[in-house]
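Contents: one structure, followed by commentary.
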Amino acid sequence: MTYGYIGTMKTQPGMRDGVVAILLSGVESLRELGCESYVVSMAADDPDTIVVMEVWQSKDHHDASLQLPEAKEAIAAAMPMLTGEFGGRELVVAGGLGADD
């Protein structure tokens, strides 16, 4: 079953663009890791909230991607810019545009 995740994170005031740049810095390699869709967005109603929507071939693919040295480095770089307020939801993807139908 295809795995999906929608996560939110709150940045320190004025740090949103820096975190967005970090989140987007390695997208070129995600497809070969099993990622079908990866979208980073900014909340329209909050200048300090980022929303990340992901679709992966499986949860194992997603989890493995987080163990890569470059992912760990990106997380470490972003953490000081975040408030620690995170939200998220795991999903079972049924299909759609950008999902593995």
Side-chain angles (χ1 to χ4, degrees):
M1 219 17 113
T2 305
Y3 173 79
Y5 186 79
I6 296 177
T8 61
M9 60 191 79
K10 190 111 171 156
T11 67
Q12 301 288 345
M15 296 290 160
R16 184 189 71 189
D17 291 346
V19 175
V20 167
I22 290 169
L23 292 170
L24 293 174
S25 66
V27 297
E28 300 82 25
S29 63
L30 291 180
R31 187 165 304 280
E32 63 196 45
L33 298 172
C35 185
E36 302 293 331
S37 177
Y38 180 82
V39 178
V40 177
S41 305
M42 288 86 63
D45 62 346
D46 184 343
D48 300 319
T49 296
I50 298 169
V51 179
V52 180
M53 299 169 286
E54 305 175 54
V55 176
W56 292 82
Q57 292 173 2
S58 70
K59 183 170 181 357
D60 288 341
H61 283 91
H62 173 262
D63 293 349
S65 75
L66 295 174
Q67 299 308 311
L68 296 172
E70 52 270 27
K72 289 182 178 187
E73 289 172 17
I75 292 167
M79 287 306 279
M81 294 185 261
L82 300 172
T83 65
E85 296 174 63
F86 299 96
R89 181 161 294 210
E90 292 184 309
L91 309 166
V92 176
V93 178
L97 184 63
D100 187 18
D101 299 316

Which residues share a side-chain hydrogen bond (donor to acceptor under 3.5 Å, both in side chains) with Thr8, sequence neighbours left out: none
How long is the span from the CD1 atom in Ile6 to the CG atom in Leu91, to the nearest 0.5 Å? 5.0 Å
May I ask whether Tyr3 and Val40 are part of the same hydrophobic cluster, defined by side-chain heavy atoms of I, L, V, M, F, W, Y residues being less than 4.5 angstrom apart, directly or through others? yes
Contact summary for Val55 and Thr2, nearest pair of heavy atoms: CG1-CG2, 3.4 Å
Only pairs at least two apart or in different chains count here, so list each salt bridge (charged side-chain N to carboxylate O under 4.0 Å, His left out) that has a residue in residues 8-24. Lys10-Asp46
dist Arg89:CZ -> Tyr5:OH (nearest 0.5 Å) comes out at 10.5 Å
Just so I know, are the side chains of Met9 and Val52 near enough to count as touching, which here means a heavy-atom distance under 4.5 Å? yes
Where the side chain of Glu54 meets the backbone of Gly4, is there a donor-acceptor pair that is under 3.5 Å apart? no
Mind listing the side-chain donor-acceptor pairs of residues 63-81 below 3.5 Å, one per line with the distance, residues two or more places apart or on another chain?
unit_1 : atom_1 : unit_2 : atom_2 : d
Asp63  : OD1    : Lys59  : NZ     : 3.2
Asp63  : OD2    : Lys59  : NZ     : 3.0
Ser65  : OG     : His62  : O      : 2.6

Test side chain to side chain contact (heavy atoms under 4.5 Å, CB included) on Thr49 and Met42; report intermediate values, then the result. CA-CA 6 Å; Thr49 296; Met42 288 86 63; over 6 Å; no
Please tabulate, for side-chain N and O atoms in residues 19-35, each donor-acceptor pair with protein atoms closer than 3.5 Å (sequence neighbours left out).
unit_1 : atom_1 : unit_2 : atom_2 : d
Ser25  : OG     : Ile22  : O      : 2.7
Ser29  : OG     : Gly26  : O      : 3.1

Using the salt bridge (charged side-chain N to carboxylate O under 4.0 Å, His left out) criterion, which residues pair with Asp60? Sequence neighbours excluded. none
